[in-house]
Asks: 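Once you've had a glance at the structure underneath, I'll fire off some questions.
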Amino acid sequence: AAFQNRSRMLIYPLTLFLGAETVIQLALPALHVTWLCVTLLSVLYYIYCSEMWNQLDALTGLLNQNSYLNRTAEMRRSGGVLVVFDVDDFKQINDRYGHSRGDAVIMQTADVLRACFPGAHIYRMSGDEFVVLCPGVTQARFETMLAKARDRLASETDYGVSLGGAWHACAREDLDELVRAADESMYADKQEHYGVPEHG
């Protein structure tokens, strides 16, 4: 999964610190700073790894809800596409086949989404809900991506996955309205294909 920019930025202090330590040690060989630097580097690396893992969903390896909240702040400035997904009757899958089957369904859905949206930011929000953010995508490309995702999910899974999307043209648009539009689109898809009542 692609980590957020702020996590990637944490690697720069590590590199800079290591470079400075090397220069100091070479310039002043009598000054023993190696172990101090190793200790400090270990602390920085621990912080870096913790920041990365705090962005991941443990089951799927996708980005999690905290990471989504960070990314949407950027999307408010750039525009793009938001697509939401929901596994149909997921509770019934768990109740009928057990939670191990439910976990397998979630992982399979995550794998299909990775294949459908290469390079996008894919999030498991909670339970069976997923969100895909695709910054900088045109509306025509958005429609094509949505159609391909629908076809691939139908052909590669033996359970229903409803989806809906909304295109965010520019920073002036309200992201909350975008989320609401994508959510309504998903529930319309659920109603059309599976006879599920519209979301209220």
Side-chain angles (χ1 to χ4, degrees), residues 1-4 7 52-75 80-135 137 142-168 174-200:
F3 295 110
Q4 303 300 324
S7 292
M52 287 195 303
W53 287 116
N54 285 338
Q55 296 183 52
L56 293 178
D57 171 64
L59 179 62
T60 63
L62 297 178
L63 296 166
N64 62 21
Q65 189 173 32
N66 289 335
S67 186
Y68 167 80
L69 295 173
N70 295 329
R71 178 61 62 181
T72 51
E74 295 179 18
M75 194 171 173
V81 169
L82 183 145
V83 187
V84 292
F85 296 86
D86 176 83
V87 178
D88 298 318
D89 298 322
F90 183 66
K91 185 177 185 303
Q92 292 185 19
I93 294 174
N94 275 334
D95 291 345
R96 182 175 298 178
Y97 303 107
H99 288 281
S100 59
R101 170 59 179 160
D103 287 349
V105 164
I106 293 299
M107 288 188 288
Q108 184 180 5
T109 303
D111 290 340
V112 173
L113 293 182
R114 285 191 188 96
C116 289
F117 299 95
H121 305 287
I122 308 173
Y123 306 83
R124 182 186 177 201
M125 299 299 286
S126 62
D128 61 327
E129 298 175 358
F130 299 85
V131 169
V132 177
L133 296 179
C134 306
V137 174
F142 162 55
E143 298 293 344
T144 301
M145 291 168 64
L146 214 58
K148 287 183 176 180
R150 181 176 281 109
D151 291 343
R152 191 157 186 170
L153 284 163
S155 65
E156 295 187 19
T157 62
D158 58 358
Y159 48 88
V161 178
S162 295
L163 63 92
W167 181 60
H168 182 46
D174 188 342
L175 187 60
D176 293 334
E177 288 296 326
L178 180 77
V179 172
R180 189 175 298 110
D183 195 50
E184 289 176 357
S185 174
M186 180 190 70
Y187 278 95
D189 182 63
K190 190 183 289 285
Q191 182 183 40
E192 178 181 351
H193 292 94
Y194 307 104
V196 178
E198 276 197 61
H199 183 53

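Here the structure is a predicted model, which means the values were calculated and not measured. Only this structure's heavy atoms are used, side chains among them; waters, hydrogens and symmetry mates stay out.
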Asks: Return the CZ to CZ distance between Phe117 and Phe85, rounded to the nearest 0.5 Å.
Replies: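 CZ of Phe85 is found 4.0 Å from CZ of Phe117.
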Asks: Would you say Tyr187 and Lys190 make side-chain contact, with heavy atoms under 4.5 Å?
Replies: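 Counting from C-beta outward, Tyr187 and Lys190 do come under 4.5 Å.
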Asks: So, applying side-chain contact (heavy atoms from CB on, under 4.5 Å) with Lys91, which one of Asp95, Asn94, Val87 is it?
Replies: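 Filter result, single survivor: Asp95.
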Asks: Got a list of side-chain donor-acceptor pairs under 3.5 Å for residues 100-108, not counting sequence neighbours?
Replies:
{"unit_1": "Arg101", "atom_1": "NH2", "unit_2": "Asp158", "atom_2": "OD1", "d": "3.0"}
{"unit_1": "Arg101", "atom_1": "NH2", "unit_2": "Asp158", "atom_2": "OD2", "d": "3.4"}
{"unit_1": "Gln108", "atom_1": "NE2", "unit_2": "Glu156", "atom_2": "O", "d": "2.7"}

Asks: Between Gly165 and Phe142, which heavy-atom pair has the shortest distance, and what is it?
Replies: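 Result for this residue pair: C-CZ, 3.5 Å.
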Asks: Would a 4.5 Å heavy-atom cut-off, applied to side chains only, mark Val83 and Met145 as touching?
Replies: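 Contact flag for Val83/Met145 side chains = no.
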Asks: How long is the straight-line distance from CE of Met125 back to CG of Leu63, given to the nearest 0.5 Å?
Replies: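 Here the interatomic distance stands at 11.0 Å.
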Asks: How long is the gap from CG on Leu113 to CG on Leu62, to the nearest 0.5 Å?
Replies: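 So the CG of Leu113 and the CG of Leu62 are separated by 7.0 Å.
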Asks: Any chance the side chains of Ser162 and Asp86 put a donor and an acceptor closer than 3.5 Å?
Replies: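 There is no such pair between these side chains.
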Asks: Which heavy-atom pair separates Leu133 from Ala120 by the least distance, and what is that distance?
Replies: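 Taking Leu133 first and Ala120 second, the nearest heavy atoms are O-CB, 3.6 Å.
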Asks: Apply side chain to side chain contact (heavy atoms under 4.5 Å, CB included) to residues Asp183 and Met186 and explain how you reach the verdict.
Replies: CA-CA 5 Å; Asp183 195 50; Met186 180 190 70; 3.7 Å; yes
Asks: How far apart are the closest heavy atoms of Gly164 and Ser185, and which atoms are they?
Replies: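 Result for this residue pair: CA-OG, 3.3 Å.
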Asks: Would you name the heavy atoms of Thr157 and Tyr159 that are closest together and state the gap between them?
Replies: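 Closest heavy-atom pair between Thr157 and Tyr159: OG1-O, 3.1 Å.
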Asks: What's the separation between atom SG in Cys116 and atom CG in Leu146, rounded to the nearest 0.5 Å?
Replies: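 Interatomic distance, Cys116 SG to Leu146 CG, rounded to 0.5 Å: 10.0 Å.
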Asks: Among Leu56, Asn64, Thr60, exactly one meets side-chain contact (heavy atoms from CB on, under 4.5 Å) together with Arg124. Which residue is that?
Replies: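 Exactly one option meets the side-chain contact (heavy atoms from CB on, under 4.5 Å) with Arg124, and it is Thr60.
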Asks: On a heavy-atom basis, which atom in Val131 and which in Tyr68 lie closest, and how many Å separate them?
Replies: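 That would be CG1-CE1, 3.6 Å.
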Asks: What pairs with Asp111 under side-chain hydrogen bond (donor to acceptor under 3.5 Å, both in side chains), at least two apart in sequence or on another chain?
Replies: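 Arg114.
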Asks: What heavy-atom pair brings Leu163 and Leu153 nearest, and what distance separates the two atoms?
Replies: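 Looking at all heavy atoms of both residues, the closest pair is CD2-CD1, 3.9 Å.
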